[in-house]
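Only one structure is covered here, and it is reproduced in the block below.
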Amino acid sequence: MAGPAQVPRQRFAPSVPAIEADAIGFNYGERRALFEVSFEIARGEIFGFLGPNGGGKTTLFRLLSTLVAMQSGRARVLGLDLADATRDVRRRMGVVFQHPSVDGKLSVLENLQHHGHLYGMSGKELSARAATMLEQFGIANRSGDRVETLSGGLRRRVELAKALLHRPELLLLDEPSTGLDPVARREFLGIVGDLRTREGVTVVLTTHYMEEAERCDRIGLLHQGKLVAIGSPSELKSQVGGDVIVIHTGAPDLLQRKVAERFKVKTMIVDGTIRIERSRGHELVRDLVEAFGSDIDSISFGKPTLEDVFVHLTGEKFFASEARA
């Protein structure tokens with residue numbers, strides 16, 4: 001496989017998106033996995049596709065990473081048509097899969113060397129770049145260790161070092177912190193956050209972790225194969241009408257009618273709880289407890305979260321939707 005040196009590296013103005021997708025659709029037999037998904041991702045952006053399992057994230061990742069061919073719609077990656085210039089697109093992107101793609105029986109350095117060979121790298125160029133990546137990701141002292149002996153967090157560092165070895169302009173990460181403990185997950189997210197500054201790379205990830213999505217510049221919210229919203233975390237949360245009040249009760253349908261009649265507020269029942277979006281929610285909480293205290297098992301309110309955005313847009317709780325999918 002020819003290396004990057006044999007293919008002119010195309011640099012584009014910041015106004016040219018890293019990814020442009022227009023009405024992408026995909027079927028598995030008769031099951032529709034993606035419904036005319038359209039979006040743009042700016043160069044240098046950290047963009048996350050957030051959604052429950054079964055929402056379409058993995059299918060979209062497989063398409064963007066060229067693992068499967070486009071069925072309908074069109075996409076341009078780094079200014080290149082994804083369908084017509086697949087080979088060149090692959091040379092300019094790095095990919096970290098949900099399941100490890102490193103060889104556990106090889107050492108950390110051997111994994112990087114073999115990956116470099118796939119991109120036409122060799123000799124001093126490969127040695128120097130591998131040393132840089134090992135140092136950058138804090139694994140130089142483990143370069144001779146077999147990957148199978150490393151912790152989950154360190155293996156993810158090896159995956160990142162390998163994916164960035166050939167200096168890609170775009171990095172795709174599929175559920176990158178799956179299987180990591182909370183400490184390793186935060187550490188990994190911090191490393192990803194530094195990539196834009198260090199490498200000038202555009203980062204696109206899929207995730208079902210709210211914490212991971214919060215660290216993105218913008219988020220695309222996927223539900224049942226549809227892109228239901230796109231924006232920064234703060235922009236998406238502003239779509240929710242004020243504070244979110246959640247009421248637990250033994251008879252949600254009955255209490256919902258009572259609340260609607262008494263306070264003239266819009267309510268919805270989600271997974272057996274009553275949800276109300278209202279500015280100055282603490283005042284309504286007080287009034288609800290005074291009016292229907294004997295009917296309420298518990299009540300809470302808080303500022304909107306990304307999960308509240310999902311409920312607001314789909315009428316379903318995030319992980320309840322995942323279970324159905």
Side-chain angles (χ1 to χ4, degrees), residues 19 33-34 37 39 41 45-62 64-65 94-101 137 151-160 163 170-196 201-240 244 246 270-271 302-314 316-325:
I19 301 178
L34 291 174
V37 173
F39 57 89
I41 298 174
E45 188 171 25
I46 299 178
F47 189 97
F49 287 104
L50 173 66
N53 291 332
K57 302 191 307 298
T58 297
T59 299
L60 185 57
F61 178 88
R62 288 166 61 83
L64 295 178
S65 61
V95 182
V96 175
F97 298 98
Q98 179 176 356
H99 300 292
S101 61
F137 289 101
S151 66
L154 289 179
R155 291 187 193 186
R156 271 312 199 196
R157 291 189 183 204
V158 177
E159 295 267 9
L160 270 178
L170 172 66
L171 179 64
L172 301 180
L173 307 171
D174 187 22
E175 303 280 1
S177 60
T178 295
L180 300 184
D181 61 58
V183 173
R185 182 179 302 142
R186 286 192 294 272
E187 180 183 73
F188 181 79
L189 293 176
I191 292 172
V192 170
D194 291 338
L195 286 176
R196 172 171 44 195
V201 65
T202 303
V203 180
V204 179
L205 59 89
T206 68
T207 185
H208 61 269
Y209 290 117
M210 303 296 170
E211 176 190 3
E212 209 160 83
E214 287 278 7
R215 297 202 180 199
C216 296
D217 297 320
R218 288 192 305 143
I219 304 165
L221 193 59
L222 282 166
H223 175 57
Q224 296 180 356
K226 299 177 181 178
L227 188 62
V228 297
I230 191 167
S232 68
S234 59
E235 287 171 344
L236 293 179
K237 286 183 282 190
S238 71
Q239 296 183 27
V240 179
V244 177
V246 179
V270 180
D271 200 26
K303 298 299 179 184
T305 66
L306 288 176
E307 182 165 6
D308 292 321
V309 174
F310 185 86
V311 173
H312 175 81
L313 294 171
T314 69
E316 297 183 359
K317 294 188 75 172
F318 192 89
F319 291 106
S321 176
E322 183 173 278
R324 276 191 288 277

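For the pair F318 and G51, the tightest heavy-atom approach, listed with the atom from each and the gap, is CZ-C, 3.2 Å. Across all their heavy atoms, L222 and G56 have their closest contact at CD1-C, 4.1 Å. Contact detail for A213 and L50: the closest heavy-atom pair is CB-CD2, 4.0 Å. When all heavy atoms of P52 and F310 are compared, the closest pair comes out as CD-CE1, 3.8 Å. Taking both residues in full, the closest heavy atoms of D217 and P233 are given as O-CD, 3.7 Å, listed atom of the first, atom of the second, then distance. Nearest heavy-atom pair, E45 versus R196, reported as atom, atom and distance to 0.1 Å: CA-NH1, 4.0 Å.
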Worksheet entry | R215 vs I46, side chain to side chain contact (heavy atoms under 4.5 Å, CB included): CA-CA, chis, key distance, verdict | CA-CA 8 Å; R215 297 202 180 199; I46 299 178; over 6 Å; no

Discussion item. Pair Q98, K57 - check side chain to side chain contact (heavy atoms under 4.5 Å, CB included), show working.
Written reply: CA-CA 12 Å; Q98 179 176 356; K57 302 191 307 298; over 6 Å; no

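Other residues, nucleotides and ligands contribute more than 12 heavy atoms inside 6.0 Å of the NZ atom of K237.
Distance check, rounded to the nearest 0.5 Å: NE2 of H99 to CD of E159 gives 11.5 Å. Note that CG of L236 and CG of L306 are 6.5 Å apart. Values are rounded to the nearest 0.5 Å. Atoms CG and NE2, on L221 and H312 in that order, are 11.5 Å from each other to the nearest 0.5 Å. To the nearest 0.5 angstrom, D174 atom CG is 11.0 Å from S101 atom OG. The distance from atom CD1 of I19 to atom CG of L172, rounded to the nearest 0.5 Å, is 6.0 Å. Rounding to the nearest 0.5 Å gives a distance of 10.0 Å between CD1 of I230 and CD1 of I219.
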Expected list for residues 187-194: side-chain donor-acceptor pairs under 3.5 angstrom, two or more places apart:
from	atom 1	to	atom 2	distance (Å)
E187	OE1	R157	NH2	3.2
E187	OE2	R157	NH2	3.0

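F49 is listed as a side-chain neighbour of V204, based on a closest heavy-atom distance under 4.5 Å. Side-chain atoms of P176 and E212, non-hydrogen and from C-beta on, do get closer than 4.5 Å to each other. Between L171 and L160, the closest side-chain pair of non-hydrogen atoms falls below 4.5 Å. For the pair H208/N53, a side-chain contact is recorded, criterion being any heavy-atom separation below 4.5 Å from C-beta on.
Put simply, the side chain of T202 never gets that close to the backbone of L170: no donor and acceptor are under 3.5 Å apart.
By the ring-ring contact (aromatic ring centres under 6.0 Å, His included) test, F137 pairs with no residue at all, sequence neighbours left out.
Salt bridge annotation for E235-R218: absent, with no cationic side-chain nitrogen under 4.0 angstrom from a carboxylate oxygen.
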